[in-house]
Amino acid sequence: MQFKISVRDKESKARAGEFRTDHGTVKTPVFMPVGTAGAVKALHIPELEKDTRAQIILGNTYHLYLRPGLEVIEAAGGLHKFNGWNGPILTDSGGYQVYSLAHKRKLTEEGVVFQSHIDGSRHNFTPERVIDIQRIIGADIIMAFDECTPYPCDYDYAKKSLKITHDWLDRCIKHFGASEAKYGYQQYLFPIVQGSVYKDLRRESAEFIAAKNAAGNAIGGLSVGEPIEMMVKMTEEVCNILPENKPRYLMGVGTPENLLESIALGVDMFDCVMPTRNARHGMLFTSEGIINIKNEKWKNDFSPLDENGHSFVDRFYSKAYLRHLIVSGEMTGAMIASLHNLRFYTWLMEEAREKIIAGDFRHWKDSQVKKISRRI
RNA sequence: GGGGAGAUACCGAAGCGGUCAAACGGGGCAGACUGUAAAUCUGUUGGCUCAGCCUUCGGAGGUUCGAAUCCUCCUCUCCCCA
């Protein structure tokens, strides 16, 4: 995978670039909507494409493996054919589920035995198996199998876990090299830096991963509850070590503010459930700040959702109407809010890119952060 | 006209002598959410000068040390029969 950096910001580590996959080119910085089970919740594929202007979306190995299962996905001809999304897809390896389903799994050096959250059945994930599954799903970018360590996490555990993640990475790389894409287009493997909140472990991990010369590199194990300053510090440490000429992917981040600050540290790719999940729960990220549309104060506010927003729903619907839908539990409310939030995120990334290219990123970022992170 | 059942907080509904400002739902209000076990979860929901006090269980009296709970009358609702 070639990563072309068009412009480097002079006042920060931000860069504007693009990388190519067989399903299309992705311009960075980029936000990737999360479509765990092969669908970005509450949105149609055409809406994702045309209305949110997402460039690339996520799927999840663990979820898709459990349901609908590999037979169905393989019979469909891969996830792209199955769900109709023709752009690039990235699949998470299930490493996050090692963390989020911690009480339903058993981790060994060999791999992880999961108990399905759906029916309790047991399943064995190894680095090799996870690569195979992602080959079958047919994601353009597949993630190495890792352990996303929890927070807090003591040093000894983080160190042991890191060793396992690194061993698993070597096995992933080996198996990836020994296996082939199933559907005639190229797949790329991204390794993941771990190390919890320990600077030396993060550095060690970043160096270990940098040496693999992968198509792109990810930073995992952050935004799991640690203070934001720690997240920023770790991101910064790692970005300074990861290859400059490869895309850097900060997994699971985050708030609009987190995104802009991370771009300034040299991150190119993001994903997060926040814009979609919080949309369903009534939280809207707007050009004027964050609003909880469920609050009583919007009950009779017939002004547009976001006067200066960049999605058609922003001026098509009023705050009072969306409040009514969300409060009433109407599915349409979740759809409108999700579309709005995702478009806000993609717009933010487009704008960041333009500002980097225009040489005005730092200034824009600082004023933007203040504006969009306040509560209204 | 005769017989029966019932009136509890915003709504529904428990409670049937003290541990009741009153269970539980719903609704309301607010909060959380960061590689999605999440269209989920949490808190709160009579008032106040708030570790205490005041006013509340249809209304008015009464019994009792003590009443949402027992008695009397009244008002209103619902059901059955005529």
Side-chain angles (χ1 to χ4, degrees), chain A residues 31-43 56-64 66-67 90-105 114-120 130 134 139 141-151 165 190-194 218-228 230-232 235 249-259 261-262 267 269-283 285 290 292-299 323 325-338 341 345 373 375:
Chain A
F31 178 80
M32 310 180 282
V34 178
T36 306
V40 174
K41 292 186 198 299
L43 293 178
I56 167 171
I57 63 172
L58 257 69
N60 187 285
T61 299
Y62 166 83
H63 293 265
L64 291 167
L66 286 182
R67 222 167 33 187
L90 180 152
T91 40
D92 183 34
S93 61
Y96 187 75
Q97 280 64 45
V98 177
Y99 152 78
S100 69
L101 300 174
H103 60 293
K104 284 186 176 290
R105 53 78 166 161
F114 279 107
Q115 234 180 313
S116 160
H117 68 281
I118 300 164
D119 63 4
V130 161
Q134 293 183 94
I141 298 173
I142 73 185
M143 301 305 299
F145 194 44
D146 65 332
E147 182 191 7
C148 176
T149 49
Y151 181 84
T165 287
F190 280 27
I192 304 170
V193 173
Q194 288 291 344
I219 307 165
L222 294 176
S223 66
V224 288
E226 76 284 3
I228 297 302
M230 277 187 181
M231 180 178 108
V232 171
T235 303
Y249 165 27
L250 181 55
M251 306 183 78
V253 172
T255 64
E257 180 181 356
N258 293 160
L259 263 56
E261 297 297 358
S262 301
V267 176
M269 303 163 66
F270 304 91
D271 80 282
C272 190
V273 303
M274 191 172 275
T276 43
R277 177 186 291 166
N278 287 24
R280 294 193 300 279
H281 299 166
M283 184 187 272
F285 299 97
I290 299 169
N292 182 345
I293 200 67
K294 291 194 289 190
N295 286 176
E296 191 172 25
K297 60 183 166 187
W298 310 117
K299 193 171 185 175
R323 173 181 194 272
L325 294 180
I326 298 270
V327 165
S328 307
E330 287 291 326
M331 289 183 277
T332 309
M335 294 162 68
I336 293 168
S338 298
N341 273 355
Y345 268 62
S373 60
R375 307 266 173 157

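To find a chain, count down the sequence lines: A is the first, B the second, and so on, and within it residues start at 1.
Under the Watson-Crick and G-U wobble criteria, each requiring two contacts below 3.5 Å, nucleotide B/G12 is paired to B/C24. In a base pair of the Watson-Crick type (N1 to N3 plus N6-O4 or O6-N4) or a G-U wobble (N1-O2 and O6-N3), with each distance short of 3.5 Å, B/G46 is matched with B/C54. Pair check for B/U64 finds none; no Watson-Crick or G-U wobble contact set falls under 3.5 Å. Using N1 to N3 plus N6-O4 or O6-N4 for Watson-Crick, or N1-O2 and O6-N3 for G-U wobble, each under 3.5 Å, B/A39 pairs with nothing. Pair assignment for B/G17: none, as no Watson-Crick or G-U wobble contacts are both less than 3.5 Å. Nucleotide B/G1 is matched to B/C81 when pairs are restricted to Watson-Crick or G-U wobble geometry with both distances under 3.5 angstrom. In this structure, B/A7 forms a base pair with B/U75, meeting either the Watson-Crick or the G-U wobble geometry with both donor-acceptor distances under 3.5 Å.
Distance check on atom C1': B/C11 versus B/G27 gives 7 Å, rounded to whole Å. Straight-line distance between the P atoms of B/A13 and B/A60: roughly 24 Å, to the nearest whole Å. Spacing of P atoms, B/U19 relative to B/C70, comes out at 16 Å, to the nearest Å. Across the C1' atoms, B/C20 and B/C16 are found 12 Å apart, a figure rounded to whole Å. Only the P atoms considered, B/C57 is 25 Å distant from B/C50, to the nearest whole Å. Using atom C1' as the reference point in both B/U75 and B/G58, the two lie 8 Å apart (nearest Å). B/G15 and B/C24 have their C1' atoms separated by 11 Å, with the value rounded to a whole Å. Taking the C1' atoms as reference points, B/A21 lies 15 Å from B/A14, given to the whole Å.
Taking A/F31 as the reference, A/Y345 meet the ring-ring contact (aromatic ring centres under 6.0 Å, His included) condition, with sequence neighbours excluded.
Ring centers of A/H63 and A/Y96: at least 6.0 Å apart, outside the cut-off.
Rounding to the nearest 0.5 Å gives a distance of 5.0 Å between CG of A/D146 and OG1 of A/T165. With rounding to the nearest 0.5 angstrom, the CG atom of A/L325 is 6.0 Å from the OG1 atom of A/T332. How far CZ of A/F190 is from CG of A/D92: 13.0 Å, rounded to the nearest 0.5 Å.
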_Working for ring pair (Phe, Tyr, Trp, His ring centres under 6.0 Å), residues A/F114 and A/Y62_ = CA-CA 9 Å; A/F114 279 107; A/Y62 166 83; 5.1 Å; yes
*May I have the step-by-step check of side chain to side chain donor-acceptor pair (under 3.5 Å) for A/S116 and A/D119, ending in yes or no?*
CA-CA 6 Å; A/S116 160; A/D119 63 4; 3.2 Å; yes
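A donor-acceptor contact under 3.5 angstrom links the side-chain atoms of A/H103 to the base of B/A37.
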*Sequence-aligned protein contact record of nucleotides 30-36 of chain B, with B where the base is within under 4.0 Å of a protein heavy atom and S where only the sugar-phosphate is*: SSBBBBB
